[in-house]
Amino acid sequence: MLIANPKATSTTRRARDIMLRAFTGDLTVDLAETAHRGHAMELARKAAHEGYDRVVVLGGDGTVNEAVNGLLADGPSPDLPVLAVVPCGSANVFARALGLPGDPLGATRQVLQGLRAGRHRTVGLGTASLPDAPERYFTFNAGVGLDAEVVREVERQRRKGGRAPASLYVRTAIRHFFAGTDRRRPALTLEQAGRPPKAGLFLAFVSNTSPWTFLGPLPVNPSPRANFNKGLDVFAMRSLEAAPALATVAQMMVARTRPVQGRHVVNVHDAAEVTLRAPRPVAYQLDGDYLGETPVITFRAVPKAIRVVI
């Protein structure tokens with residue numbers, strides 16, 4: 001099954017048609033285009049239930065996230081279809097973390113080679129759980145606090161029409177940092193089994209791989225040791241004063257092997273499970289999609305969750 005998002009950010013209809021023809025020339029393909037939010041999840045669940053061998057996702061990180069959650073609706077299994085990703089969004093973090101080029105046509109060539117050769121690997125994922133709600137998988141990152149608020153504001157602007165280039169995120173983040181978010185009352189407490197809780201946190205990034213995201217071609221890397229084959233890494237901040245915040249962002253842009261450091265910074269590496277708790281509902285996002293607010297959310301690492309084409 002080839003799941004295509006017709007509204008993917010970075011390709012034209014003509015480019016998508018070329019990619020579709022490339023796949024249908026080599027494989028027996030059922031094309032399914034998404035029509036609404038959550039549709040890729042429904043289609044991938046159908047593919048898993050109906051015994052498809054492979055699911056190829058032509059779209060951005062949000063479409064990939066939906067497809068992963070559809071494939072894993074009944075939990076990980078070696079019998080699930082192998083997942084392949086052709087990146088057509090604005091950031092394409094998951095695809096780039098797998099080693100695919102950001103260019104959709106170049107990625108199409110590599111994915112076809114991997115499909116022909118039967119090359120795949122098994123990667124771990126993360127899940128997020130809210131009270132009285134099912135677990136939801138994420139492939140590369142989750143965020144609670146400021147970054148989720150920024151994603152929420154960007155999505156509001158996108159609903160009015162237009163694209164979401166990196167510059168839109170930067171402008172929105174700067175504006176929201178100074179005029180939107182609460183920089184005086186830290187709400188979050190990080191809880192991890194067997195360790196004392198870490199209170200007084202303004203935000204937390206949860207990483208399943210590195211980098212955490214991209215700003216255009218530049219990696220943003222608060223937790224460089226995060227890896228698909230390990231548990232989850234967490235980066236959190238105890239201050240949103242301008243000077244330490246700017247210094248931290250600067251470190252994220254150059255970090256390659258060592259986590260961002262500082263007296264206002266909290267780092268957790270290779271965690272099986274962490275919980276973030278707050279006295280009031282706080283915004284959260286998974287794989288760059290804003291999903292609402294919650295006073296408590298638990299993140300869990302799921303080793304060897306899904307097979308992906310390489």
Side-chain angles (χ1 to χ4, degrees), residues 1-5 23 27 29-30 32 34 38-89 91-100 107 110-115 117-129 134-142 206-213 226-233 270-273 286-289 291 298-310:
M1 180 182 285
L2 177 58
I3 300 174
N5 179 0
F23 281 103
L27 307 165
V29 174
D30 288 338
T34 59
H39 197 190
M41 193 181 304
E42 300 166 14
L43 293 169
R45 184 184 295 117
K46 175 184 176 183
H49 288 169
E50 295 185 3
Y52 282 77
D53 296 312
R54 304 170 182 88
V55 168
V56 180
V57 180
L58 185 64
D61 287 317
T63 308
V64 173
N65 178 278
E66 289 187 9
V68 165
N69 278 277
L71 288 172
L72 295 169
D74 299 321
S77 166
D79 299 323
L80 289 175
V82 178
L83 174 70
V85 177
V86 177
C88 298
N92 305 311
V93 180
F94 182 60
R96 291 160 80 174
L98 292 174
L100 287 167
Q110 288 199 15
V111 168
L112 281 171
Q113 290 171 5
L115 289 169
R119 294 195 304 263
H120 63 266
R121 63 180 284 201
T122 303
V123 300
L125 300 174
T127 65
S129 300
E135 283 189 321
R136 176 150 179 159
Y137 289 87
F138 62 96
T139 63
F140 60 92
N141 82 29
V206 183
S207 295
N208 184 51
T209 188
S210 172
W212 176 70
T213 191
N227 189 289
F228 285 129
N229 297 322
K230 295 183 178 291
L232 301 174
D233 280 24
D270 195 16
E273 182 176 302
L286 302 180
D287 285 346
D289 274 358
L291 294 177
T298 295
F299 297 100
R300 184 172 62 90
V302 184
K304 300 180 179 179
I306 195 166
R307 293 177 299 160
V308 293
V309 171
I310 57 172

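Quick caveat: nothing in here was measured; it's all calculated off a predicted structure. The first residue in the sequence is number 1, and the count goes up from there.
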Does [Y] offer a backbone N or O that forms a donor-acceptor pair with the side chain of [X] under 3.5 Å?
X	Y	result
N208	G124	yes
R307	V123	no
D61	G89	no
Q110	L100	no
R96	A91	yes

Is the closest side-chain donor-acceptor distance between [X] and [Y] under 3.5 Å?
X	Y	answer
N141	S207	no
N5	H39	no
Y52	D30	yes
R136	N65	yes

* Asked: Does F94 have any ring pair (Phe, Tyr, Trp, His ring centres under 6.0 Å) partners at least two apart in sequence or in another chain, and if so, which?
  -> F228
* Could you pull out all residues at least two apart from R300 that satisfy salt bridge (Lys or Arg N to Asp or Glu O under 4.0 Å)? => E135
* Asked: M41 and side chain to side chain contact (heavy atoms under 4.5 Å, CB included): which partner among N69, T34, L72?
  ->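 With M41 as partner, N69, T34, L72 yield a single side chain to side chain contact (heavy atoms under 4.5 Å, CB included), made by N69.
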* To do: Would you indicate whether the side-chain heavy atoms of F23 and L115 approach each other to under 4.5 Å?
  => yes
* Just do the side-chain contact (heavy atoms from CB on, under 4.5 Å) check on L71 and L83 with the steps written out, would you? => CA-CA 9 Å; L71 288 172; L83 174 70; 4.2 Å; yes
